[in-house]
Amino acid sequence: MVPQTEHYPRAVTTTDENPSASQRWNRPIPRIGDTTSSATRAADPTGWSLGDQVQLGLDAAIDARRDIRRYRHDDVCEELINTILWAGHRAPSVGHSQPWRFIVVRDADIRDRAAVMADRERLRQADLLTPDRKSRLLDLQLEGIREAPVGIVVACDRRAPASGVLGRNTFTDADMWSCACAVENMWLTARAHGLGMGWVTLFQPTELAELLHLPDGVETLGWLCLGWPDERPPAPGLERRGWSRRVPLNDVTLYDRWPDTAQPKAPISALRQPLHSPDRRHVVAAHDDADQLLTPPGSLGLLDQTLDRVEAAHGADITSGTLVLVGADHPVAHLGVTAFDTSVTHDVMAASVAGTGLGVSTATAAGLSHLVVDAGVAQPVQGATSLRLPGKRGDLCHTDAMTPTDVEALLSEGRRIGAQAASNGLVCLGEVGVGNTTVATALACVLTGLDPEQAVGLGAGSDTAMVERKADVIKAALARTHATCDDPEHLLATLGGPEFAVLAGVCLGSAEAGSPVILDGLATSVAALIAATLSPGLHGWLVASHVSREHAHEAVLAELGLEALMELRMRAGEGVGACFGAQMILTGLHVRRTAARTR
């Protein structure tokens, strides 16, 4: 609202001992603008004060401003949103340039993509910290982008030449400072109205700009989460968690100039398908449910966060799940990149059908059912669900792995299988395929930007010479195809394999049917990353069971924005890690259902 103009009493004629000044005239009072006179201002220098009540209110708003991380699902009315924006629009700006642009985001797809970007950066920043700091950062609740009903991105239009804006010619970044002032105005106004706001800067600026289609010369200041808070912290969260403390004012106040001997202290800080993440109402409901337990919130650490995700996706009543094990052979195996004969693929698949394969045995022990899918084993696997396609497949190095038609068919079949498996609860992914670690690594190089020599690992039984051959084969494949992550179907066709396409489809079908997907090692994680490229909303349905010893696996999980539940140095494949992860999740859900609760 625009403040009302104050009206001051008109000047009156007074008598003075000096004859020349004995007569006074009324001062012309402008009808607009400043109605005060210098005499009025001199007589009462504090007269512009808004009064004790406003001062106390402002101080209270500043003191109570918090970086809110948890939100209720309830919507914020447009009137309140406009109130917040109007507060930002009244911020001071250099040369009255008003460089801010407010992008109000409600679109679920954009929010999902932004959430994945922030999760990636959270994991990347955590790796820069000491182990203790890393754990503290990862313990923080950072789900605001998904939970808050409104996202506001403040962007700065910097396309006007600095020399053309009063005040920017010398301080060229003053336009960005102006936008920061707008953020503070909005933050305090939100707090005064009982709304929560959080400022998320865990983004690569160029990625966020591309997501919002910002033109060159327009830069973002991060993402503001806006909604009704699902926490009412009495003090700043990072202070309460022991991350940092507010330093005394005297320690940051200098007079006249910077002392020659002063050493400033650095602040302590933490460094195609319409599929969407679980509804924010369900996300908040999962938090609500966990908060009722007779234990400190988040006492189970990463497992609590994972249980929240699973419960938001499917509810707390999950008691079982299905291991979907997909196998195929790869011509690339004949290029000297594996220590085992391709017949091993068939033997493992046949044992899995018989119920004695390592992955299937683990699934049985965890109380899970299983489905074995032959997506292209050289010798057909009797008893397995067959998705075998006609025609020859290439070895990546010299010819494409599959045709686009193959990819489309396998994705479709995988989606159907995923929907079917979802009816039984959790969907765990597993794979079998001699040589498919090389395939997965080639895909990972394209999807994450890793160099082949950095990405290749020992795999199962390889030696140093074989690792070097893997890198050479992958280099040749990348040079031949020039594949990019912008076209995931083409990427699967040129560098993938049948089980990767099927598993990507399983991810999508499971999520569409409302079931969480538990990833295993590198191959299944790569398939999930391809599926997430097709439909970014998939991210909210994924759980990483473990991080394997394959060098590329950690990079793929970081690209997915997922933190692994376990690190057991496994390289078993066959869904073993996914089944162990599922067993942990099912146990955690049972605890949530049966443990003591508070009123």
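One distance of note links OG of Ser277 with CZ of Arg309; it measures 7.5 Å at 0.5 Å rounding. Of the inter-residue distances, the one linking Met186 atom CE with Arg90 atom CZ reads 12.0 Å to the nearest 0.5 angstrom. Rounding to the nearest 0.5 Å places CG of Asp291 at 7.0 Å from CG of Asp230. Note that CG of Leu226 and NE2 of His193 are 11.0 Å apart. Values are rounded to the nearest 0.5 Å. Taking CG of Leu443 as the reference point, atom CG of Leu491 lies at 5.0 Å (rounded to 0.5 Å). Distance check, rounded to the nearest 0.5 Å: CZ of Arg120 to CG of Leu202 gives 13.0 Å.
Taking 4.5 Å as the limit, every side-chain heavy atom of Arg415 sits out of range of all side-chain heavy atoms of Val506. Inter-residue side-chain proximity for Leu166 and Val94 is flagged as unmet; no heavy-atom pair is nearer than 4.5 Å. Under the 4.5 Å side-chain criterion, counting only non-hydrogen atoms from C-beta, Val200 is in contact with Cys225. Side-chain atoms of Pro536 and Asp109, non-hydrogen and from C-beta on, do get closer than 4.5 Å to each other. A heavy-atom distance below 4.5 Å is not found between the side chains of Val283 and Tyr71. Side-chain contact check for Glu78 versus Ile81: some heavy-atom pair is nearer than 4.5 Å. Side-chain atoms of Asp67 and Arg69, non-hydrogen and from C-beta on, do get closer than 4.5 Å to each other. Within the 4.5 Å cutoff, the side chain of Leu50 has no heavy atoms near those of the Leu58 side chain.
In this structure, Arg101 contributes its side chain and Val154 its backbone to no donor-acceptor pair below 3.5 Å. Ser545 places a side-chain N or O within donor-acceptor distance of the main-chain N or O of Leu519, the cut-off being under 3.5 Å. Side-chain atoms of Thr295 never come within 3.5 Å of backbone atoms of Ser299 as a donor-acceptor pair (strictly under, hydrogens ignored). Under the 3.5 Å distance criterion, the side-chain polar atoms of Arg191 are matched with a main-chain donor or acceptor of Ala64. The backbone N or O of Leu538 sits nowhere less than 3.5 Å from a side-chain atom of Ser535 that would complete a donor-acceptor pair. No side-chain donor-acceptor contact under 3.5 Å links Trp199 to the backbone of Val183. Under the 3.5 Å distance criterion, the side-chain polar atoms of Ser515 are left unmatched by any main-chain donor or acceptor of Ala511.
The minimum heavy-atom distance linking Thr172 with Ala162 is given by the pair CG2-CB, 4.1 Å. The heavy-atom pair separating Val218 from Ala155 by the smallest distance is CG1-CB, 3.8 Å. The minimum heavy-atom distance linking Val153 with Val105 is given by the pair CG2-CG2, 4.5 Å. In this structure, Leu123 and Leu562 approach most closely via the heavy-atom pair CD1-O, 3.0 Å. Scanning both residues, Ala286 and Asp308, for their nearest heavy atoms gives CB-O, 3.5 Å. Nearest heavy-atom pair across Ala564 and Leu557 is CB-CD1, 4.1 Å.
By the 6.0 Å contact criterion, CD on Glu219 is enclosed, its count of non-hydrogen atoms from other residues, nucleotides or ligands being greater than 12. Open room surrounds CD on Glu567; 12 or fewer heavy atoms of other groups in view lie less than 6.0 Å from it.
Between Arg66 and Glu231 there is no salt bridge, since no side-chain N of the basic residue sits under 4.0 Å from a carboxylate O of the acidic one. By the 4.0 Å N-to-carboxylate-O rule, Asp317 lies too far from Arg592 to be salt-bridged with it. Between Asp175 and Arg159, no side-chain nitrogen of the basic residue sits less than 4.0 Å from a carboxylate oxygen of the acidic one, so the salt-bridge criterion is not met. A salt bridge links Asp289 to Arg597: at least one charged side-chain nitrogen sits closer than 4.0 Å to a carboxylate oxygen. Arg111 has no carboxylate O lying under 4.0 Å from a charged side-chain N of Asp107, or vice versa, which leaves the two without a salt bridge. A salt bridge does not link Arg70 to Asp288: none of the charged nitrogens lies less than 4.0 Å from a carboxylate oxygen. With respect to Asp75 and Arg280, a salt bridge is recorded, a charged nitrogen being found less than 4.0 Å from a carboxylate O.
His553 and Ser525 share a side-chain donor-acceptor pair at under 3.5 Å. Between the side chains of His539 and Asp112, not a single donor N or O lies within less than 3.5 Å of an accepting N or O. Checking Asp34 against Thr36 by side-chain atom types alone, a donor-acceptor pair falls below 3.5 Å. If you check the side chains of His546 and Asp520, you find a donor sitting under 3.5 Å from an acceptor. With hydrogens and angles left out, the side-chain atoms of Glu311 and His282 include no donor and acceptor closer than 3.5 Å.
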Glu210/Gln204 under side-chain contact (heavy atoms from CB on, under 4.5 Å): CA gap, chis, key distance, verdict: CA-CA 10 Å; Glu210 290 173 2; Gln204 290 292 335; over 6 Å; no
side-chain contact (heavy atoms from CB on, under 4.5 Å) evaluation trace for Thr319 with Arg593: CA-CA 11 Å; Thr319 59; Arg593 291 192 299 269; 3.7 Å; yes
side-chain contact (heavy atoms from CB on, under 4.5 Å) between Arg113 and Leu212, intermediate numbers included: CA-CA 10 Å; Arg113 291 172 183 264; Leu212 301 172; over 6 Å; no
Salt bridge (charged side-chain N to carboxylate O under 4.0 Å, His left out) assessment of Asp119 paired with Arg146: CA-CA 11 Å; Asp119 282 337; Arg146 296 184 181 88; 2.7 Å; yes
Candidate pair Arg65 and Glu184, rule side-chain contact (heavy atoms from CB on, under 4.5 Å), full reasoning: CA-CA 10 Å; Arg65 185 205 57 77; Glu184 181 71 358; 4.1 Å; yes
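Under the 6.0 Å distance and 45° angle rule, Arg72 does not count as a cation-pi partner of Trp228.
Of the listed residues (Ile530, Thr524, Leu529), just one forms a side-chain contact (heavy atoms from CB on, under 4.5 Å) with Val526, and that residue is Ile530.
Between Trp86 and His89, the ring planes are tilted. Angles from 30° to 60° get that label.
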